[in-house]
Amino acid sequence: MAMRVWNPRGWCLVAVLTAVTLVLLSVTKPAVSAVPPPVQVGLASWYGPGFHGNETASGEIFNQREMVAAHRSLPLGSVVRVTNLENGRRVVLRVIDRGPYGRNYRKGTIIDVSRGAARRLGFIRDGLVSVRVEVVRLGGGARR
């Protein structure tokens, strides 16, 4: 019975395929959760007059004086505690809309709060402020 020995080309092919597999595994990104972490730190902006009276992503009519917010990925109906890191003021808000988008989002804004919430947080004049956003309760995400 003759013994079969691999030729050098076969071993090279195995080595190349193994190296390619290892490289592909090392550059693949892990799966990202659809829900952000329970605490986020970033910037907050506020929105109000131009959207007052319009329908939000949740189907509710936006009232700029209510304690509500827009977040890009938290389920609609979620409740968050937003703390102004510059003065320590806090508010509890309900997420009823999607955002922020545009210029402020590119600057690092993670949440848009209503004008009423911005007033309580003390940043109406500044427009942007450093905040901590803590998830108090996740919403169902369903539209009314």
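The structure displayed is predicted, hence computed values, not measured ones.
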A.B. asks: In terms of hydrophobic clustering (I, L, V, M, F, W, Y; side-chain heavy atoms under 4.5 Å; direct or indirect links), are Val129 and Ile111 co-clustered?
C.D. replies: yes

A.B. asks: Please check if the side chain of Arg98 supplies one atom and the backbone of His71 the other of a donor-acceptor pair under 3.5 Å.
C.D. replies: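 Side chain of Arg98 to backbone of His71: a pair is present.
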
A.B. asks: Under 3.5 Å, which donor-acceptor pairs do the side chains of residues 99-108 form with other protein atoms, sequence neighbours left out?
C.D. replies:
none

A.B. asks: If hydrophobic clusters are built from ILVMFWY residues whose side chains come within less than 4.5 Å, do Val131 and Leu74 share one?
C.D. replies: yes

A.B. asks: Measuring from atom CZ of Arg94 to atom CZ of Arg137, what distance do you get when rounded to the nearest 0.5 angstrom?
C.D. replies: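 Atom-to-atom, Arg94:CZ and Arg137:CZ are 9.0 Å apart.
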
A.B. asks: Taking side chain as C-beta onward, heavy atoms only, is Tyr47 less than 4.5 Å from Asp97?
C.D. replies: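 Result yes, sub-4.5 Å side-chain heavy-atom pair found.
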
A.B. asks: Which distance, rounded to the nearest 0.5 Å, do you find between the CD of Glu66 and the CD of Glu60?
C.D. replies: 7.0 Å

A.B. asks: Is Phe62 reachable from Val95 through a run of hydrophobic residues whose side-chain heavy atoms are each under 4.5 Å from the next?
C.D. replies: no

A.B. asks: Could you tabulate the donor-acceptor pairs under 3.5 Å formed by side-chain atoms of residues 76-86, not counting sequence neighbours?
C.D. replies:
from	atom 1	to	atom 2	distance (Å)
Ser78	OG	Pro75	O	2.7
Ser78	OG	Gly139	N	2.9
Asn84	OD1	Glu86	N	2.7
Asn84	OD1	Asn87	N	3.4
Asn84	ND2	Asn87	OD1	3.3
Asn84	ND2	Leu121	O	2.8

A.B. asks: Do Leu43 and Ser130 come within less than 4.5 Å of each other through their side chains, counting heavy atoms only?
C.D. replies: yes

A.B. asks: Taking all atoms of both residues into account, what is the closest heavy-atom pair of Gly53 and Ile61, and its distance?
C.D. replies: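 Looking at all heavy atoms of both residues, the shortest contact is O-CG2, 3.4 Å.
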
A.B. asks: Check whether any side-chain heavy atom of Arg119 sits under 4.5 Å from a side-chain heavy atom of Arg65, and report yes or no.
C.D. replies: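 No, every pair of side-chain atoms sits at 4.5 Å or beyond.
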
A.B. asks: Report the residue from Val133, Val113, Val136 that forms a side-chain contact (heavy atoms from CB on, under 4.5 Å) with Leu93.
C.D. replies: Val113

A.B. asks: Report the distance from atom NE2 of His52 to atom CG of Asn63, rounding to the nearest 0.5 Å.
C.D. replies: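 Rounded to the nearest 0.5 Å, the NE2-CG separation comes to 5.0 Å.
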
A.B. asks: Begin from the C-alpha positions of Ile124 and Arg115 and carry the test side-chain contact (heavy atoms from CB on, under 4.5 Å) through to its verdict.
C.D. replies: CA-CA 7 Å; Ile124 288 281; Arg115 181 183 174 100; 3.7 Å; yes

A.B. asks: Give me the atom names and distance for the closest heavy-atom approach of Gln64 to Pro49.
C.D. replies: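 The answer is OE1-N, 2.9 Å.
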
